[in-house]
Amino acid sequence: MAMPWIYAGRRWVATRDLQRLRYPAKSAVAQPVTAGCYLSVYWLTEDRYAEHMRWTVGINKRLNRDGRVFQERTHVLTAFHDREATVYRDGAAGPRDHHALDHPYAGLVLEVVESESPERRGELLDWLTARHLPRRLAGSPAALVTVFRPTPLPSNRMAYVKQVEGVDTRLTLLWFLERDPRMCWEEYLTGLDADVERSGLGRVEFVAPFIPTIPGTDRYVAGLR
């Protein structure tokens, strides 16, 4: 949060019971699908990506050299994204997407969708925002879904972070929930993969629920593995 041009951020956690809710079992994002415990999400100021990236690459190299980067971890999905669209359950009412990391949402679902081809990603985006997401959001505990497309990481990134896959074909969705995902999973958040498959426009590669961490505590650490 001290880095230039970051204006909001929040960290999320998936305990064992949340990890077991993930699907599909064979995921191109996480192998196995239960891999990964924490999710950090940050909002960057529009049009400041290049400036931020120059700074963050430099500071991470310095921190790594000084032994201040925790190395005993695996990066399951590390990427920067451009926002494509946001779909709101309640229209103009409620917090906007730029408030989402400050609003006290009770849960977050990360979904990664792969289009059939780069040429069809636009069709997939249109179907998601015009038909699929409005139908799914109606009456649900999800207040909004923000849709992003991934961008390549710079060539001088840290060696332990792999290059982003699916830059031309993937879309990443963040579902912001007003309830704990464990309390509404079966009713509202299963079957997303079947919905996308029926559209003929792509496939779901990852659906994973998280809850907010409590900063300054290790409350959920014992329940991670």
Side-chain angles (χ1 to χ4, degrees), residues 10-42 72-85 87 107-118 120-121 123-125 127-129 132-133 136-137 140 142 145-153 157-158 160-177 180-182 184-213 220 223-225:
R10 199 171 190 189
R11 198 178 193 204
W12 312 81
V13 62
T15 49
R16 284 190 298 271
D17 54 347
L18 288 164
Q19 294 167 30
R20 286 193 288 265
L21 295 176
R22 296 176 181 175
Y23 65 91
K26 293 183 178 180
S27 169
V29 175
Q31 300 91 29
V33 71
T34 52
C37 301
Y38 291 104
L39 175 66
S40 296
V41 182
Y42 302 98
E72 296 179 24
R73 59 178 174 167
T74 300
H75 286 254
V76 176
L77 176 62
T78 301
F80 286 81
H81 293 75
D82 287 337
R83 175 191 170 279
E84 286 287 348
V87 180
L108 177 76
V109 175
L110 168 66
E111 179 184 6
V112 178
V113 183
E114 188 93 27
S115 65
E116 288 299 318
S117 66
R120 302 205 73 184
R121 184 167 65 176
E123 292 180 65
L124 176 60
L125 176 63
W127 174 79
L128 287 169
T129 56
H132 173 64
L133 293 177
R136 277 281 183 167
L137 284 172
S140 81
V145 180
T146 305
V147 186
F148 302 87
R149 57 176 174 83
T151 61
L153 291 171
R157 67 190 184 279
M158 302 307 296
Y160 50 79
V161 180
K162 66 180 181 179
Q163 185 54 270
V164 180
E165 299 174 346
V167 169
D168 296 324
T169 54
R170 283 185 181 174
L171 293 170
T172 300
L173 288 70
L174 296 180
W175 298 66
F176 289 90
L177 309 181
D180 186 311
R182 290 167 290 200
C184 55
W185 192 254
E186 291 296 328
E187 184 176 1
Y188 293 107
L189 293 161
T190 57
L192 297 175
D193 51 347
D195 288 352
V196 174
E197 185 175 353
R198 280 193 295 268
S199 76
L201 296 171
R203 64 186 180 277
V204 169
E205 290 289 3
F206 195 50
V207 180
F210 296 83
I211 56 175
T213 61
Y220 299 109
L224 298 181
R225 296 178 179 87

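Numbering starts at 1 and runs along the sequence shown.
Partners of Arg83 according to the side chain to side chain contact (heavy atoms under 4.5 Å, CB included) rule, which considers only residues two or more places apart in sequence or in another chain, are Thr86, Asp97, Thr146, Phe148.
The minimum heavy-atom distance between Arg22 and Pro209, with the atom names listed, is CG-CD, 4.0 Å. Residues Leu192 and Tyr23 come closest through the heavy atom pair N-OH, 3.1 Å. Here the shortest heavy-atom pairing between Gly107 and Pro212 reads N-CD, 4.4 Å. Taking every heavy atom of both residues into account, Cys37 and Leu224 meet most closely at SG-CB, 4.0 Å. What you find for Pro150 and Val164 is that their closest heavy atoms are CB-CG1, 3.8 Å. Of all non-hydrogen atoms in Leu177 and Cys184, the two that sit nearest each other are CD1-SG, 4.5 Å.
Remark: the backbone N or O of Leu124 is not paired with any side-chain donor or acceptor of Glu116 at under 3.5 angstrom. Proximity of a side-chain donor or acceptor of Tyr38 to a complementary backbone N or O of Thr213 within less than 3.5 Å is not detected. Under a 3.5 Å cut-off, the side chain of Glu84 and the backbone N or O of Val147 do not form any donor-acceptor pair.
Side-chain contact between Leu21 and Leu189: absent, with no pair of heavy atoms (C-beta onward) separated by less than 4.5 Å. Side-chain contact check for Trp175 versus Leu133: some heavy-atom pair is nearer than 4.5 Å. For the pair Val207/Trp185, a side-chain contact is recorded, criterion being any heavy-atom separation below 4.5 Å from C-beta on. Side-chain contact between Leu110 and Phe206 is present, with heavy atoms from C-beta onward closer than 4.5 Å. With contacts defined as side-chain heavy-atom distances shorter than 4.5 Å, the pair Ile211/Val13 qualifies. Within the 4.5 Å cutoff, the side chain of Arg136 has heavy atoms near those of the Asp195 side chain. By the 4.5 Å heavy-atom criterion applied to side chains, Pro24 and Val33 are not counted as neighbours. With contacts defined as side-chain heavy-atom distances shorter than 4.5 Å, the pair Leu171/Leu125 qualifies.
Interatomic distance, Thr169 OG1 to Glu205 CD, rounded to the nearest 0.5 Å: 9.0 Å. Taken from CZ in Arg225 to OG1 in Thr34, the straight-line distance is 10.0 Å, to the nearest 0.5 Å. Rounding to the nearest 0.5 Å places CG of Leu128 at 12.0 Å from CZ of Arg121. With rounding to the nearest 0.5 Å, the separation of OG1 in Thr172 from CD in Glu111 is 9.5 Å. From Asp193, atom CG reaches atom CZ of Arg198 across 9.0 Å, with rounding to the nearest 0.5 Å.
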